[in-house]
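See below for the structure under consideration.
In what follows, chains carry the letters A, B, and so on, assigned in the order in which the sequence lines appear, proteins first and then strands, with residues in each chain numbered from 1.
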Amino acid sequence: MLRIHDTLTGELVDFIPRIEGEVSLYACGPTVYDHPHLGHARQALTYDVARRYLEWRGYTVHHVANVTDIDDNIISRATREGSTETEVAQFWEAEYIAVMDELDILHPHDRPHATEWVAEMVDFIQVLVDNGSAYATPSGVYLRVRSVEDYGALVHRTHDELAEGAGARVEVDPDKEDPLDFALWKAAKAGEPTWDSPWGPGRPGWHIECVAMSLGILGDGFDLHGGGSDLVFPHHTNERAEAVAAGREFSRYWMHNAMLNIDGEKMSKSLNNFQTIRDVLAQDPLNGRALRLLLLQTHYRKTLELNDDTLAQAREATRRIDAMVRKATNAGIALDGAARDEAARDAFREEMDRDFGTPEAMAVVFELVRKANSALDSSDEAAPGLVATAVELATALGVPPEVPGAGGEQDGDAEIDAMVEARTAAKAAKDWAEADRIRDELAAQGITIEDTPTGPIWYR
RNA sequence: GCGUCGGUGCCCGAGCGGCCCAAGGGAACGGCCUGCAAAGCCGUACAGUCGCGGGUUCAAAUCCCGCCCGGCGCUCCA
């Protein structure tokens, strides 16, 4: 039984999907107006891993992640650059997808865009207006938050506690009945893109898009709604309020991933430690997988410490997995028919079932790596099963081994093969000076040689 | 201030009241292997006050209370 820490109840609860064997997952996607940064990576990776695990466990997953392609930031960037909102959104969405591809993040089954769902949003708002939980003013349409009894449930605050916070702020819009009321529809402002509505031209508020799209695609009572912990309030709280006010059944479970720190401090533009995914990937070819592994080795609900050091540590750890597979490949181990280590698979499932315990699941994988290495060294017959299980489980978490250039033949790099052979010959002749000279020469080209019981292997 | 999540070895980081004299990864040291390396394996030192102080319990890193410190949130329009 999979258990998940549900944000709404604040407890570890049994995960029972709406339909047995099927999981509907809605994970909030990005607002596309700038470079995707490491926070986006953590968010996307959290739900990517959740999805992969659910699939490994035999569920059919319907994963939806939206793209917010109209909002204040997009408008201001378009204005600043003298381009259009559409151009800004399309450019940064393409960049977002390209970067996520490099991190091996699976594409969601649906990637709805806010601008394509405006009609559904208008219909939804109409329901809220008709049933009295929303009202129109000259500046837009607002949700009457007081009409939602447990409005602050996700953040575990009462209405009054929330109102206290809101009261401390300057209330700009005198048309609003209550400071907590928020915009479902914003009346048109000069120079902004607008859509028609029964309340005049304007554009949708931030939260309504996710409600319209999640319920529209996944249906009432879909299973899991996820996002970064910074979205709990106001975004998810308001989404939920809209759904509740409309009498719709919203998500059954909520999960939220924690933020990350860089060099011990939160990542923010003001601290000037904001790192884009693109920059991190450019620093080292292994960084994509290292980042994945680093995230897997920290529980998704805990603040992650990221710096050059922790990233380097994760790179070394990925090498450990790769080295084992390289050795197995070179030894001619066939993985396809190998019997899996069921005890390890059970341990893995048990750890993952406890609120996606990826750090412990990775520990299971590394235990397998150690046992597999040991078996490979002694040509133990258990080796294929151990290697196959380690590969299966690592792949289930999205960190499959990568052994490019292993062996050499598939690279068709005859020149390097020839040098490796020359070194082997030199070794046979006990000409150590020549053998070392060749090894140094290869090293200068970024090629590492490993001697194994089944002969030398090389890789870049 | 309020809410929420956390504070575990040199670093990152698990830990489900007894299986914890605390997983796993990285770094270090010793041994085996190697012509020498690399990779790997075996072992060692690292936590002995698991932020601090109380309490509950036969038993607490794990539960409760208080305090200290950190992350996030406390509303788009400011």
query: Taking atom types as modelled, is there a side-chain donor on Asp417(A) or Trp458(A) under 3.5 Å from an acceptor on the other?
result: yes

statement: Taken to the nearest whole Å, CG/Asn373(A) to P/C42(B) is 9 Å

message: Other residues, nucleotides and ligands only: do more than 12 of their heavy atoms fall within 6.0 Å of CD on Glu342(A)?
response: yes

query: Is it the case that Thr115(A) and Asp69(A) place a side-chain donor and acceptor less than 3.5 Å from each other?
result: yes

- prompt: Choosing from G3(B), C12(B), A39(B), which nucleotide comes nearest the side chain of Ala323(A)?
  reply: A39(B)

- line: Looking only at A38(B), A14(B), G71(B), the nucleotide nearest the Pro359(A) side chain is A14(B)

- request: Would you kindly give the CH2-to-P distance between Trp185(A) and C77(B), to the nearest whole Å?
  value: 19 Å

- prompt: Do any side-chain nitrogens or oxygens of Arg319(A) fall under 4.0 Å of OP1 or OP2 in G26(B)?
  reply: no

- prompt: So, is Arg320(A) near the phosphate of C41(B), with a side-chain N or O under 4.0 Å from OP1 or OP2?
  reply: yes

field: Asp48(A)/Arg292(A) salt bridge by N-O under 4.0 Å criterion
entry: yes

- prompt: Atom CZ of Phe233(A) and atom C1' of U75(B): how far apart are they, to the nearest Å?
  reply: 5 Å

message: Suppose we call a contact any N or O donor and acceptor under 3.5 Å apart; does that hold for the side chain of Lys186(A) and the base of C76(B)?
response: yes

query: Between C11(B) and G48(B), how far is it from one P atom to the other, in whole Å?
result: 12 Å

- request: Mark yes or no for a side-chain to base donor-acceptor pair under 3.5 Å between Gln297(A) and C12(B), with no hydrogen or angle criteria applied.
  value: no

task: For the residue pair Tyr151(A) and His159(A), categorise the inter-ring angle as parallel (less than 30°), tilted (30 to 60°) or perpendicular (more than 60°).
output: tilted

- prompt: Is a donor-acceptor pair below 3.5 Å formed from side chain Arg157(A) to base C2(B), judging by atom type as modelled?
  reply: yes

- prompt: Mind checking the P distance from G40(B) to G7(B)? Whole angstroms is fine.
  reply: 31 Å

message: Heavy-atom nearest nucleotide on RNA chain B for Lys189(A) versus Gly10(A): which residue maps closer to 5'?
response: Gly10(A)

message: Whether Arg326(A) contacts A39(B) is assessed here as follows: a side-chain N or O lying under 4.0 Å from the phosphate OP1 or OP2. Is that the case?
response: no

query: When you compare G55(B) with A61(B), how far apart are their P atoms, in angstrom units rounded to a whole number?
result: 15 Å

- request: Give the nucleotide from the list C41(B), G25(B), A14(B) with an atom nearest to the side chain of Asp377(A).
  value: C41(B)

Pairwise C1' distance, C46(B) and G30(B) [rounded to whole Å]: 15 Å

message: Does this structure show an ion pair linking Arg437(A) with Asp431(A), if we count only N-O contacts that are shorter than 4.0 Å?
response: no

task: Look at the side chain of Thr298(A) and decide which nucleotide, out of G13(B), C42(B), C12(B), has an atom nearest to it.
output: G13(B)

task: Could you walk me through whether Leu184(A) and Tyr135(A) pass side chain to side chain contact (heavy atoms under 4.5 Å, CB included), step by step?
output: CA-CA 9 Å; Leu184(A) 299 166; Tyr135(A) 56 94; over 6 Å; no

query: Checking only heavy atoms, does the side chain of Asp451(A) share a donor-acceptor pair with the base of A37(B) at less than 3.5 Å?
result: yes

- request: Find the distance Leu397(A):CG to A14(B):C1' and express it as a whole number of Å.
  value: 15 Å

- line: Picking from G71(B), C12(B), C41(B), the nucleotide nearest the side-chain atoms of Asn261(A) would be G71(B)

message: Expressed as a whole number of angstroms, how long is the span from Tyr142(A):OH to C76(B):P?
response: 12 Å

field: Sidechain N-carboxylate O distance under 4.0 Å for Asp353(A), Arg3(A)
entry: no

message: Suppose you measure atom P in G15(B) against the same atom in A27(B); what distance do you get, rounded to whole Å?
response: 24 Å

task: Provide the distance between the two P atoms, one in A38(B) and one in C29(B), to the nearest whole Å.
output: 11 Å

- prompt: Contact class for Val232(A) vs. all strands (heavy atom < 4.0 Å): base, sugar-phosphate, or nothing?
  reply: nothing

- request: Ignoring hydrogens and angles, answer whether the base of C36(B) and the side-chain atoms of Arg439(A) contain a donor-acceptor pair closer than 3.5 Å.
  value: yes

message: Using a 3.5 Å limit on both distances, find every run of at least three consecutive Watson-Crick or G-U pairs that involves RNA chain B.
response: B:1-7 with B:68-74, B:10-12 with B:24-26, B:28-32 with B:40-44, B:51-55 with B:63-67

query: Hey, is Trp432(A) doing a stacking thing with G35(B), by the 5.5 Å centroid and 30° angle criteria?
result: yes

message: I want to check one thing: is the phosphate of A14(B), taken as OP1 and OP2, less than 4.0 Å away from some side-chain N or O of Lys302(A)?
response: yes

- request: May I ask you to decide if the ring planes of Tyr300(A) and Phe356(A) are parallel, tilted or perpendicular, using 30° and 60° as cut-offs?
  value: perpendicular

task: Write down the distance separating the C1' atoms in A28(B) and G9(B), rounded off to the nearest Å.
output: 13 Å

message: Would you say CG of Asp308(A) has more than 12 non-hydrogen atoms from neighbouring residues, nucleotides or ligands within 6.0 angstrom?
response: no

message: Please give the distance between the P atoms of C16(B) and C50(B) as a whole number of Å.
response: 16 Å

statement: Rounded to whole Å, the CD-C1' distance (Glu239(A) to U75(B)) equals 14 Å

task: Rounded to the nearest angstrom, tell me the gap between atom NE2 in His236(A) and atom P in C74(B).
output: 13 Å

message: Regarding G35(B), can its base be found pairing with the side chain of Asp436(A) as donor and acceptor, where the two atoms are less than 3.5 Å apart?
response: yes

message: Tell me the interatomic distance from Asp355(A), atom CG, to A14(B), atom C1', rounded to whole angstroms.
response: 13 Å

